[in-house]
Asker: 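Have a look at the structure that comes next, please.
A note on names: the letters A, B, ... follow the listed sequences, proteins ahead of strands, and every chain is numbered from 1.
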There are 2 protein chains.
Amino acid sequence: MTQNVYKSHDHHACIDSAVAEARRLCDEKGVRLTPVRQRVLELVWDNHKPVGAYDLLPKLAEEGFNSAPPTVYRALDFLLDLGLVHRINSLNAFIGCNHPGHSHPTCFFVCRECGMAQELDATPLNEIARQAEQQLGVRVEQQMTELMGLCPRCQKAS
Amino acid sequence: MTQNVYKSHDHHACIDSAVAEARRLCDEKGVRLTPVRQRVLELVWDNHKPVGAYDLLPKLAEEGFNSAPPTVYRALDFLLDLGLVHRINSLNAFIGCNHPGHSHPTCFFVCRECGMAQELDATPLNEIARQAEQQLGVRVEQQMTELMGLCPRCQKAS
DNA sequence: CATCAGAATGTAATATTATAACCTAAACTG
DNA sequence: CAGTTTAGGTTATAATATTACATTCTGATG
Ligand SMILES: [Zn+2]
Ligand SMILES: [Zn+2]
Ligand SMILES: [Zn+2]
Ligand SMILES: [Zn+2]
């Protein structure tokens with residue numbers, strides 16, 4: 001895992017590096033990081049909590065961007081395709097990827113109290129995929145693991 | 001994994017054993033497997049494809065059951081609580097559990113073509129949870145892994 | 001049996017999340 | 001510049017899920 005979100009850190013650095021990485025990737029692939037796409041990426045990175053698509057709408061509106069569901073879903077789809085964000089299915093919410101650029105099995109821990117999410121190293125998951133492929137003959141193309149529980153802070157608080 | 005759903009099998013036996021197991025569990029816990037709950041369980045087990053809540057409504061209606069979203073969501077919540085069914089978050093859909101009665105990390109392979117889902121042995125996932133707990137200090141309470149890809153049949157078909 | 005409490009269900013309305021369809025504008029391509 | 005592709009604007013609607021409150025059923029108790 002690239003970073004522990006439960007430790008305090010310079011979060012502006014998180015955002016900046018996410019944007020820089022996005023720009024690099026878009027250049028590489030010859031696609032455009034348009035203003036609304038970049039702004040959605042920044043908003044998703046606003047903190048380490050997964051954010052719902054509809055939470056983004058008013059923020060975009062405030063800033064003079066067009067604000068309608070298709071706008072934000074298009075931007076999110078674009079970012080998902082590039083692997084710049086992940087979707088946390090159990091929350092219908094989106095969060096920035098810590099190591100975009102190479103497609104990878106996805107694994108997050110999400111605190112059920114505060115909502116903070118931590119991306120985890122998912123390499124052990126490859127074992128499961130490999131087993132399924134061998135034993136069942138399936139072909140695994142994608143995978144997502146979501147762990148739920150309490151983060152260190154919320155454990156103390158309760 | 002208790003069974004390979006991609007092999008042909010007596011599926012009535014799947015349904016029957018699911019219902020029997022449900023009855024046993026309900027007795028044990030002193031809760032009631034009412035007609036609508038049982039019927040929802042049977043409908044979820046109708047095949048090995050995850051089924052959406054709203055797919056169940058017309059089927060219940062046909063059979064004279066009350067049919068409104070709260071009815072089916074209540075039944076599904078009941079079954080989820082007991083661990084009799086799982087929710088596939090990436091599909092907003094529900095599927096019967098192969099080994100209910102003891103809460104367990106959940107892991108499914110879902111074919112993106114035909115929709116069939118196979119529950120997998122999730123023990124390797126405990127390792128991930130253990131690591132997260134050690135390295136981050138989180139407490140993991142639940143976990144779900146969803147693999148997506150092509151099942152053996154759909155690979156041949158393409 | 002009569003009564004009561006809790007559990008389950010009925011019903012109407014509404015909230016939340018996501019997509020379809022169709023049109024316009026901007027950006028590359030040669 | 002003309003033609004093509006890509007992105008965005010706009011309206012409407014689909015799909016999924018929950019709230020709130022009334023009613024009925026069930027099992028327990030006196
Ligand atoms: Zn940060
Ligand atoms: Zn990632
Ligand atoms: Zn079966
Ligand atoms: Zn299960």
Side-chain angles (χ1 to χ4, degrees), chain A residues 22-23 25-41 43-44 49-82 84-95 115 144 146, chain B residues 22-23 25-41 43-44 49-82 84-95 110 115 146:
Chain A
R23 197 172 302 285
L25 255 173
C26 287
D27 283 353
E28 187 181 309
K29 303 220 173 183
V31 294
R32 283 188 279 157
L33 189 63
T34 60
V36 70
R37 288 168 174 174
Q38 174 171 339
R39 191 64 190 120
V40 165
L41 180 63
L43 289 171
V44 166
K49 298 185 190 181
V51 62
Y54 276 74
D55 297 331
L56 300 176
L57 288 177
K59 299 183 187 174
L60 290 173
E62 269 176 26
E63 301 173 17
F65 286 97
N66 178 50
S67 167
T71 300
V72 68
Y73 279 106
R74 283 168 184 154
L76 288 169
D77 285 346
F78 173 86
L79 298 170
L80 284 168
D81 280 350
L82 262 72
L84 291 164
V85 304
H86 294 292
R87 183 172 196 277
I88 308 284
N89 290 315
S90 57
L91 302 176
N92 298 328
F94 302 84
I95 187 157
M144 173 54 137
E146 300 176 20
Chain B
R23 199 173 299 288
L25 255 174
C26 288
D27 283 354
E28 187 181 309
K29 303 220 172 181
V31 295
R32 282 188 279 156
L33 188 63
T34 59
V36 69
R37 288 169 174 173
Q38 173 171 340
R39 193 63 190 122
V40 166
L41 180 63
L43 289 171
V44 167
K49 298 184 191 181
V51 61
Y54 276 73
D55 296 331
L56 299 175
L57 288 176
K59 299 184 188 176
L60 290 172
E62 269 176 26
E63 301 174 16
F65 286 98
N66 179 48
S67 166
T71 300
V72 68
Y73 280 105
R74 282 167 183 152
L76 288 169
D77 285 347
F78 173 85
L79 298 169
L80 284 168
D81 282 349
L82 262 72
L84 291 164
V85 305
H86 295 292
R87 183 172 196 279
I88 308 285
N89 290 314
S90 58
L91 301 176
N92 299 328
F94 302 84
I95 188 158
V110 183
E146 299 175 19

Asker: Using 0.5 Å steps for rounding, measure from the OG atom of A/S67 to the CG atom of A/L57.
Answerer: 4.5 Å

Asker: Between A/P69 and A/V31, just flag the one whose closest nucleotide in DNA chain D comes earlier from the 5' side.
Answerer: A/V31

Asker: Rounding to a whole Å, what distance do you find between A/L33:CG and D/dT6:P?
Answerer: 17 Å

Asker: Taking atom CZ of A/F94 and atom CG of A/L43, what is their separation to the nearest 0.5 Å?
Answerer: 13.5 Å

Asker: Specify the residue among B/S67 and A/L91 whose closest nucleotide of DNA chain C lies further upstream toward the 5′ end.
Answerer: B/S67

Asker: Rounded to the Å, how far apart are B/Y54 OH and C/dT17 C1'?
Answerer: 12 Å

Asker: Could you tell me the separation between the CG atom of B/D81 and the P atom of C/dA7, rounded to a whole number of Å?
Answerer: 14 Å

Asker: Look at all strands and tell whether A/V36 reaches a base, only sugar-phosphate, or nothing, counting heavy atoms closer than 4.0 Å.
Answerer: sugar-phosphate

Asker: Which whole-number value in Å describes the distance from A/L57 CG to C/dT16 P?
Answerer: 13 Å

Asker: Round to a whole Å and report the spacing from CD of B/Q38 to P of C/dA8.
Answerer: 15 Å

Asker: Starting at CZ of A/R74 and ending at C1' of D/dG8, how long is that distance when rounded to a whole Å?
Answerer: 6 Å

Asker: Which of these passes side chain to side chain contact (heavy atoms under 4.5 Å, CB included) with B/V85: B/V44, B/V40, B/I95?
Answerer: B/V44

Asker: Taking OH from B/Y73 and C1' from C/dT16, how many angstroms apart are they, rounded to a whole number?
Answerer: 11 Å

Asker: Taking B/L80 as the fixed residue, which of B/D77, B/L82, B/L84 is the one that meets the side chain to side chain contact (heavy atoms under 4.5 Å, CB included) rule?
Answerer: B/D77

Asker: Rounded to whole angstroms, how far apart are CG on A/L76 and C1' on C/dT19?
Answerer: 14 Å

Asker: Is there a donor N/O on one and an acceptor N/O on the other, under 3.5 Å, for the side chain of B/R32 and the base of D/dG27?
Answerer: no

Asker: Of all the choices, D/dA7, C/dT11, D/dT16, which nucleotide is nearest to the side chain of B/T71 once you look at every atom?
Answerer: C/dT11

Asker: Taking the side chain as everything from C-beta on, heavy atoms only, tell me whether B/T71 gets closer than 4.5 Å to B/V36.
Answerer: yes

Asker: So, does B/N66 get its side chain near the phosphate of C/dG10, meaning an N or O under 4.0 Å from OP1 or OP2?
Answerer: yes

Asker: From the options D/dT18, D/dT16, C/dT9, select the nucleotide whose nearest atom is closest to the side chain of B/P70.
Answerer: D/dT18

